[in-house]
Amino acid sequence: MLRPHSTYPITCKKKWRMAFTAISFVKLLHHLSKKALHMKPPTLFRSFSYLAIDVGPPHVSSPSDKLSNVDPKLLSQMVGDKRLDSLAQFGDVKELAALLGTDFKLGISDGNDDIDRRKRVFGVNVFTRPRSRGLLSFVLEAFKDSTIIILLFCAVLSLGFGIKQHGWKEGWYDGGSIILAVILVIVVSSVSNFNQSRQFKKLSAKSGKIGVEVVRGGRRQSVSIFEVVVGDIVHLKIGDQVPADGLFLEGHSLKVDESSMSGESDHVNVNADANPFLLSGTKVADGFARMLVTSVGMNTAWGAMIGSITRELDEETPLQVRLKKLTSAIGKVGLFVAALVLVVSMVRYFTGNTRDDLGNREFVGRKTKFDDVMNAVVGIVAAAVTIVVVAIPEGLPLAVTLTLAYSMKKMMRDNAMVRRISACETMGSATIICTDKTGTLTMNEMKVSEVRVGKKLILEAEKLAPSLVQLLKEGIGLNTTGSVYQPQEISLPEISGSPTEKALLSWAVMDLGMDIDEVKQHCEIIHVETFNSEKKRSGILMKEKRGSNRVHTHWKGAAEMILAMCSNYYENTGEIMIMGDEERAQIGNIVKSMATKSLRCIAFAQKSSNGNENIEKLEESELTLLGILGLRDPCRPGVEAAVESCKKAGVKIKMITGDNVHTARAIASECGILEPNEEFDEEAVVEGCQFRNYSAEERMDKIDRIRVMARSSPFDKLLMVQCLKHKGEVVAVTGDGTNDAPALKEADIGLSMGIEGTEVAKESSDIVILDDNFSSVVTVLRWGRCVYINIQRFIQFQLTVNIAALVINFVAAVSSGKVPLNAVQLLWVNLIMDTLGALALATEEPTNDLMKMPPVGRVEPLITKAMWRNLLSQALYQVVVLLILQFKGRSILDVSEKVKNTIIFNTFVLCQVFNEFNARKVEKKNIFEGLGKNKLFIVIVGLTVVLQVVLVEFLKMFADTERLSWGQWGVCVSIAALSWPIGLLVKCISVGPSK
């Protein structure tokens, strides 16, 4: 069987081309010989010293033809299976890049036509997941509820007996009404759950959007991970997620965490020789590199695996677990009450103690028709089951889901993307926030504002010796993960990299006149040590290509770290001076004075040696200090106010930074983290090594007084979090680096940075702060508290209804054998308090008052004393009033039994409407404060009232009600309205300090 041309290996194609060329050459010689033989007169050709024959292809292939000759499946299998023999078929990585139309330095074209063509040939970098649950699955799930099944069974029996006894026209009302009410409850709850599921899915999709740095048209630019195409050259650094399958082009010390693919925790070395393969979804653990993308989307190894995985968004939060226990406890009470009502009602009915509306005994032994008996029994069972339905507060989990979904959507608008929904509620309990400095408290817009060479302040770069300038160019231009792109001679260069790298490169380009391409052209990098958060430095070993062939070691990093490695220093004249103890102390004081001005101090040092020496490792001693650069990173506007807001809310702020102690102290004072009386307190500001070396007892004793930890390592940060949690604090931690991952995971709430944060940090966090701003952290805190308060409001509202409905029906059933609220009416109440109540109370937005309350903490009860006071008082009022109406209503109001029952039902529903306002404020007396801002609350209350009027006045047969006069409506509204003054009076009763 013949294979398609595109599936042949590249080596086969080369052999066919060679054969074609040979045949063409032979045919040409044959043609020339025949021509010579037939010439008249015969002519002898003069022999040339050489023969040039141009044998070209029939036509020049277009880029599209080139791409279509490459089999995507072959590329996918090569990287996925890590097959070096398959790579050898293409030649090497550079030949494959050429085949894919990728320039090794400039990347692919940045034109849309080229990118669209690559998407057509190789696909897009999007993963196709299995379909999520549809609306029908939520409806079927709701139908599986045992109480709903029993209720529907009773309704069907009632429908059958009703039709048999009264015919189709009159007999369907009782059973049909219950069926319609049950279907209404199921549809409303299913649609609500379906909408929340879709909301969570959308937010999940947004959390998967990652920025990737690629080279297109010679420019290093950031694009969405979904826009990466085959042939792209991608820059990778520590903490990045590999965006697609690809091959290692160039780089240093690259180690990749492939645990997401292989399950192995050991980091894998990736290099050009033994293992050039990079898999989508893996994380860069160390080093940096450039990679060539060979497969995207579903053609990657990750795509093949993820196609069979469905990420369910049904994560249970701690609060939902607590509410499940509460629901279960209330349900058991409801079940017990329903069982009692069932037994008592059955006994009363079969002993002849119940009477119909005309006063006649309902059961008179054998004289009673079988259908009447069955109808009565079904009615009693339906009433008992309905009590269970009302008693079980299914609305509690719904309220949590609604408020979490609503909060997540609003938090996204406020620059906070929630990755784990439990973080929404946990953040409301936070007692301590451990924050980074750079980019969180500061603007992360670095600029070189002070330059020191030796002991002198350098105001103009022209005053530096040319030899020193050249060394600084090499130290900055080669020892960097950033890049410089010059689009045109007249335009400003485009500088990429971290804020620190961009500031240093910008100074070198603008002040020193550095041409980074020229620097790289004349130097060969032998070895690279990437930045290490423990040593706080990075270095390179490089060899000059021109002239002397000398080898240089270049280091850059934290000033005090580099200073400790130096034994000499440069003067601005280029003269090398010995660094004695006195000089070292003087330069140390210069660093200290720069740090107290809130400058980040970066030092550069180097050591040269002859090219004849065999040097493989970077020198770490007897270096010569080139200079010290002071980088200014101003505090973010609004940070001081945000810190003050946290303090008023009872949340302590601790700053953990890698900067030196003087810079850390200056920034902490500027932001308001350090009080004026704490600025010189030795216990308020400590270094990481100092904290690390404390004994366990000393750490636990001093940790409350520590406000700032400088020169900290990731281990110090983790140790701080562990100690705080051990003391019972609820800890939120901000982080942006790969090494912050352990602390982010250990914390109760991990907050990563969306702009400067690595993908490893984001994966380890619960919430991503999209603008890297501390003010957004405070916004998350406000939303967290709002979630908790909203759920408490709904619990207070729903438990009031539960208690009142249970007591009223139980007392009435036991004493008179009749329940005032039938199945349809109780299901309507259930709908009001579950779905509509949850929507109204779970969507309140946060107010400034939330930040004046102390944090909830870890062990506070969900239902506070104030909540018990409010709900018991309202429930007691409703029970007393409605029982009076039940037993004395006919005589007091001079109405029939059916009208009395309608008034009881109407008053009960209106009491819940008025009590919904009371539930808005647990402690505050003014329950109308901020009402205008929550339009959804007003709409739902209005809708509830309108539907209640329709139910009473126009759906008499459905709800088993009678139309009420204006006077009777006035009585119902007046009784219900008394909930407001009662709520006001009750709040005057002190129940101790509220949390």
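Fair warning: this is a prediction, and the values are worked out from it, not measured in the lab.
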Under the 3.5 angstrom rule, does the side chain of [X] hit a backbone N or O of [Y] as a donor-acceptor pair?
{"X": "S765", "Y": "K762", "answer": "yes"}
{"X": "N660", "Y": "A664", "answer": "no"}
{"X": "N572", "Y": "K456", "answer": "no"}
{"X": "D517", "Y": "K520", "answer": "no"}
{"X": "R216", "Y": "S109", "answer": "no"}
{"X": "D245", "Y": "S295", "answer": "no"}
{"X": "T102", "Y": "G231", "answer": "yes"}
{"X": "T734", "Y": "D436", "answer": "yes"}

Subject >> Residue pair M542 / R550, side-chain heavy-atom distance below 4.5 Å >> reply: no
Original post:
Between K607 and N568, is any pair of side-chain heavy atoms under 4.5 Å apart?
Top reply: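 No - every pair of side-chain heavy atoms lies 4.5 Å or more apart.
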Checking [Y] against [X]: is there a side-chain donor and acceptor pair closer than 3.5 Å?
{"X": "S608", "Y": "Q606", "value": "yes"}
{"X": "N479", "Y": "S538", "value": "yes"}
{"X": "T440", "Y": "N773", "value": "no"}
{"X": "E501", "Y": "T480", "value": "yes"}
{"X": "R600", "Y": "T438", "value": "yes"}

Original post:
Looking at R290, K237, R220, R219, which hits salt bridge (charged side-chain N to carboxylate O under 4.0 Å, His left out) with E213?
Top reply: R220
For a quick test of your reading: what N or O donor-acceptor pairs under 3.5 Å do the side chains of residues 581-594 make, sequence neighbours left out?
| residue | atom | partner | partner atom | Å |
| --- | --- | --- | --- | --- |
| E583 | OE1 | G580 | N | 3.0 |
| R584 | NH1 | L563 | O | 2.8 |
| R584 | NH1 | C566 | O | 3.3 |
| R584 | NH2 | C566 | O | 2.8 |
| Q586 | OE1 | K455 | NZ | 2.9 |
| N589 | ND2 | A585 | O | 3.2 |
| S593 | OG | I590 | O | 2.7 |

Subject >> Steps toward side chain to side chain donor-acceptor pair (under 3.5 Å) verdict (E544, H552) >> reply: CA-CA 8 Å; E544 290 183 8; H552 298 280; 2.7 Å; yes
Original post:
Should E258 and K82 count as an ion pair when the cut-off is N to O under 4.0 Å?
Top reply: yes
Subject >> Shortest non-hydrogen separation from A285 to I238 and the atoms involved >> reply: O-CG2, 3.9 Å
**OP:** Search all heavy atoms of V223 against all heavy atoms of E227 and return the closest pair with its distance.
**Re:** CB-CB, 4.4 Å
**OP:** For residues 507-516, pull every pair meeting side-chain hydrogen bond (donor to acceptor under 3.5 Å, both in side chains), keeping only residues two or more places apart or in separate chains.
**Re:** W507-D511
